[in-house]
Peer 1: 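Right, I'll just put the structure down here and ask away after.
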Amino acid sequence: MTIAIIGTGYVGLVTGACFAEVGHTVVCVDSDANKVALLQAGGIPIYEPGLEELVKKNVQAGRLSFTQSTAEGIARSQVIFIAVPTPPQPDGSVDMSFIEGVAREIAASLESYRIIVDKSTVPVKTGEKVAETIKRYCRSGIAFDVVSNPEFLREGFAVDDLMKPDRVVVGVSSQRPVAAMKEIYAPFGAPIIVTDTNSAELIKHAANSFLALKISYANALAVICEAAGANVQEVTRGMGLDSRIGPRFLQAGLGFGGSCFPKDLSAFISISAQLGYDFRLLREVQQINADQMVRFVKKIQDTLWVLKDKKIAVLGLAFKQNTDDVRSSPAIDLCKRLIKEGARLRVYDPQGMDKARGLLPEDASTTYVDDMNAVADGCDALVIATEWPQFTELDLERARKTMTTPIFFDGRNLFDPIEMKRLGFIYQSVGR
Ligand code: UDX
């Protein structure tokens, strides 16, 4: 198939590269001239394992190209994917201006039948609005179909998630685009769920909110476990082996962050309210997540007492492992809270340092350390804020010797409490 992807953020770029990889001809469109120039020169604007090689390979094979022109993308393609941002507004509802703008651009360039697919995460009924908008602004008599095809990829695992999806959701309002959508996705070998557009749009918000709910459930259990002297990892392991529950997304820690869960939860709560339902369950999911950070900071304060002028090492700035993304990162939130209390930080992240510089104060409160093993030198405490697996290889012997006091707060439960005590650390984690 010939495919245009409008928007080369995480979702758009990875989707474009993976579609090209399975043999489709893909043109990625972005309004940002610098981004297009970077991509054309073989550069990648984000860190995502496996993506750079995939882009390079498919550009060389002539299946993947980049342009700034929406009209060119549409002229060259049978199917147009919309993958532009849907950022949150201050009240939690979704800013739909990028989607509306793209719908109007598509309408202006439409010369003959095209399938327009929405991949961005959008409120239910957006497909109907996009169809109305295109109809209003395009030349009369041109046929088109609008399809909802939500993306479920996780940052850091995006290529894998896209190449091996659990399922593909296709929401349609007529049968005409179904064959083309099946042809696009056939090489991925996943079950394809064909449903109506509104249901497809709801599946995305329902799935992400449920995953966030699982994490908040684990974090609430962590509070109970601490009070009861139990171990949350043992409890969630025992729960997760029940195949009806499943082991994933039950890791207690500093709570969830990133550009999806917090935003999608707020959006779903706001959409539900507009539809006349107060989704209190999801409001509680948000509250548990917010409380988790407050509890963790209190743990640090209770142990160190005065934070002013304390030197604290923070391992992890990204919102999770395998990514350089620091947007809505619990680790950044934690750093800001510690800095506000007067602490001086030494921070390290395998990928997120550059992007963190824009979010943390640019003064003497934060020192960026390039070597993971040097970060704790001379510190009063060390905090693990992100679940990067390589943090488990930290030189603990060196940390214990070089720290002023060997106080260790593990916000992601990466280490074994008994072993850490044996090594001489004053060690605290979450729910254990
Ligand atoms: C999420 C969804 O997983 C994906 O399907 C959707 O398309 C986009 O949103 P993403 O935000 O990239 O993906 O990351 P994810 O791996 O889901 O992690 C989200 C947050 O939850 C991270 O901050 C992570 O640290 C946290 N998390 C995850 C936990 O605290 N515990 C867990 O058990 C799992």
Side-chain angles (χ1 to χ4, degrees), residues 9-12 14-15 46-49 51 83 85-86 88 119-122 149-162 164-169 190 200-201 203-222 232-233 235-237 239-240 245-268 285-286 288-293 296 315-334 349 351-352 384-389 391 410-414 429-431:
Y10 274 101
V11 171
V14 182
T15 307
I46 50 174
Y47 170 76
E48 185 62 46
L51 183 61
T86 47
K119 226 178 202 327
S120 307
T121 301
V122 293
N149 172 223
E151 184 46 65
F152 299 98
L153 61 79
R154 291 164 301 161
E155 288 180 23
F157 304 92
V159 173
D160 245 24
D161 284 351
L162 225 138
K164 291 177 241 144
D166 287 344
R167 79 313 203 178
V168 173
V169 173
E201 288 164 345
I203 287 169
K204 177 63 193 261
H205 274 129
N208 268 3
S209 299
F210 190 79
L211 291 167
L213 180 147
K214 277 187 93 174
I215 299 169
S216 277
Y217 191 82
N219 282 329
L221 287 177
V232 73
Q233 277 180 319
V235 175
T236 51
R237 189 160 66 99
M239 281 172 62
I245 297 173
R248 299 172 73 196
F249 283 73
L250 283 176
Q251 281 299 324
L254 282 183
F256 56 78
S259 57
C260 290
F261 283 171
K263 164 181 107 106
D264 290 354
L265 261 182
S266 305
F268 201 26
V285 169
Q286 284 181 316
I288 292 169
N289 200 51
D291 291 347
Q292 200 64 3
M293 178 60 72
F296 195 73
L315 276 182
L317 298 167
F319 84 97
K320 63 169 194 179
Q321 59 177 303
N322 270 358
T323 182
D324 64 348
D325 196 347
V326 292
R327 290 174 296 173
S328 304
S329 168
I332 297 285
D333 183 15
L334 177 70
D349 189 281
Q351 293 295 336
I384 303 273
T386 307
E387 63 273 36
W388 282 98
F391 290 167
D410 185 351
R412 296 291 175 181
N413 290 350
L414 294 186
S429 54
V430 180

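One-based numbering, in listed order, for ligands and for the atoms of each. The figures here come from the full heavy-atom set of this structure, side chains too, leaving out hydrogens, waters and symmetry mates.
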Peer 1: Can you find an N/O atom of Pro330 closer than 3.5 Å to an N/O atom of ligand 1?
Peer 2: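 So ligand 1 has no N or O lying under 3.5 Å from an N or O of Pro330.
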Peer 1: Say you draw a straight line from CZ of Phe256 to CG of Asn208; how long is it, rounded to the nearest 0.5 Å?
Peer 2: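 Rounded to the nearest 0.5 Å, the CZ-CG separation comes out at 10.0 Å.
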Peer 1: Counting only heavy atoms, which portion of Arg248 has something under 4.0 Å from ligand 1: side chain, backbone, both, or neither?
Peer 2: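 Answer for Arg248: neither.
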Peer 1: Does ligand 1 have a heavy atom under 4.0 Å from the side chain of Thr323, from its backbone, from both, or from neither?
Peer 2: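 The answer is neither.
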Peer 1: Pick from Ser216, Ser266, Ser209: which one makes a side chain to side chain donor-acceptor pair (under 3.5 Å) with Gln286?
Peer 2: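 Option passing the side chain to side chain donor-acceptor pair (under 3.5 Å) with Gln286: Ser266.
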Peer 1: In terms of residue, atom name and distance, what is the protein heavy atom nearest to atom 28 (C) of ligand 1?
Peer 2: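 Going by distance alone, atom 28 (C) of ligand 1 is nearest to Ile215 CD1, 3.5 Å.
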Peer 1: Starting from atom 33 (O) of ligand 1, what is the nearest protein heavy atom, named by residue and atom, and what distance separates them?
Peer 2: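 Result: Gln251 N, 2.8 Å.
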Peer 1: Hey, is Arg412 one of the residues with a heavy atom under 4.0 angstrom from ligand 1?
Peer 2: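 Yes, Arg412 has a heavy atom closer than 4.0 Å to ligand 1.
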Peer 1: Once you restrict to heavy atoms under 4.0 Å, what part of Arg327 touches ligand 1? Side chain, backbone, both or neither.
Peer 2: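 It is neither part, as no heavy atom is under 4.0 Å.
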Peer 1: Among protein heavy atoms, which sits nearest to atom 5 (O) of ligand 1, and what does the distance come to when rounded to 0.1 Å?
Peer 2: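 Here the closest protein heavy atom is Phe152 O, 2.6 Å.
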Peer 1: What class does the angle between the rings of Phe261 and Phe249 fall in, given that below 30° is parallel, 30 to 60° is tilted and above 60° is perpendicular?
Peer 2: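 Perpendicular.
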Peer 1: If you count the non-hydrogen atoms of other residues, nucleotides and ligands that lie under 6.0 Å from CZ in Phe157, is the total more than 12?
Peer 2: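 Counting neighbours around CZ of Phe157, more than 12 heavy atoms of other residues, nucleotides or ligands fall under 6.0 Å, so yes.
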Peer 1: For atom 14 (O) of ligand 1, find the nearest protein heavy atom and state the residue, atom name and distance (0.1 Å precision).
Peer 2: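 Residue, atom and distance for the closest contact: Lys320 NZ, 2.9 Å.
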Peer 1: Hey, is ligand 1 close enough to Phe256 that some N/O pair sits below 3.5 Å?
Peer 2: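 For ligand 1, there is no N or O atom that lies under 3.5 Å from one belonging to Phe256.
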Peer 1: For the 3.5 Å polar cut-off, considering only N or O atoms, please tell me whether Gly258 and ligand 1 meet it.
Peer 2: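 No.
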Peer 1: At under 4.0 Å between heavy atoms, is it the side chain or the backbone of Phe261 that contacts ligand 1, or both, or neither?
Peer 2: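 Near ligand 1, Phe261 shows its side chain, while the N, CA, C and O stay back.
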Peer 1: Under 3.5 Å, side chain of Lys204 to main-chain N/O of Asp264, donor-acceptor pair present?
Peer 2: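 Checking the backbone N and O of Asp264 against the side chain of Lys204, no donor-acceptor pair under 3.5 Å is found.
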Peer 1: Can you report which non-hydrogen protein atom sits closest to atom 6 (C) of ligand 1, along with the distance?
Peer 2: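 For atom 6 (C) of ligand 1, the nearest protein heavy atom is Leu153 O, 3.4 Å.
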Peer 1: Please check whether Arg154 reaches ligand 1 - meaning an N/O of the residue sits under 3.5 Å from an N/O of the ligand, judged on distance alone.
Peer 2: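 Not met; the criterion fails.
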Peer 1: Give the residue, atom name and distance (to 0.1 Å) of the protein heavy atom nearest atom 25 (O) of ligand 1.
Peer 2: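 Nearest neighbour among protein heavy atoms for atom 25 (O) of ligand 1, to 0.1 Å: Glu387 OE2, 2.7 Å.
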Peer 1: Kindly give the heavy-atom pair with the smallest separation between Ile46 and Tyr10, and that separation in Å.
Peer 2: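 Of all heavy-atom pairs spanning Ile46 and Tyr10, the closest is CD1-CD2, 3.5 Å.
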Peer 1: Atom 12 (O) of ligand 1: which protein heavy atom is closest, and how many Å away?
Peer 2: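 Answer, as residue, atom name and distance: Glu155 N, 2.6 Å.
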Peer 1: Just distances here: any N/O of Phe319 and N/O of ligand 1 closer than 3.5 Å?
Peer 2: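 Such a contact does occur with ligand 1.
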Peer 1: Search all heavy atoms of Lys214 against all heavy atoms of Ile245 and return the closest pair with its distance.
Peer 2: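 Taking every non-hydrogen atom into account, NZ-O, 3.1 Å.
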Peer 1: Check Phe152 against Ala207 and note the closest heavy-atom contact, atom names and distance.
Peer 2: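 In this case the closest contact between Phe152 and Ala207 is CE2-CB, 4.3 Å.
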Peer 1: Is the side chain of Asp410 donor-acceptor paired with the backbone N or O of Ile384 at a distance under 3.5 Å, no angle test?
Peer 2: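 Checked: no pair found.
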Peer 1: Using a 3.5 Å cut-off on N or O atoms only, is Gly257 in polar contact with ligand 1?
Peer 2: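 Yes.
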Peer 1: Begin with the C-alpha distance, continue with both residues' side-chain angles, and end with the deciding distance and a verdict on side chain to side chain contact (heavy atoms under 4.5 Å, CB included) for Gln351 and Asp349.
Peer 2: CA-CA 6 Å; Gln351 293 295 336; Asp349 189 281; 4.2 Å; yes
Peer 1: For atom 34 (C) of ligand 1, grab the closest protein heavy atom and report residue, atom and distance to one decimal in Å.
Peer 2: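 So the nearest neighbour among protein heavy atoms is Phe249 CD2, 3.5 Å.
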Peer 1: Has Lys204 got any heavy atom lying under 4.0 angstrom from an atom of ligand 1?
Peer 2: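 Per 4.0 Å heavy-atom rule, Lys204 contacts ligand 1.
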Peer 1: List the atom of Ala222, the atom of Ala252, and the distance in Å for their closest heavy-atom pair.
Peer 2: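 Nearest heavy atoms, Ala222 then Ala252: CB-CB, 3.9 Å.
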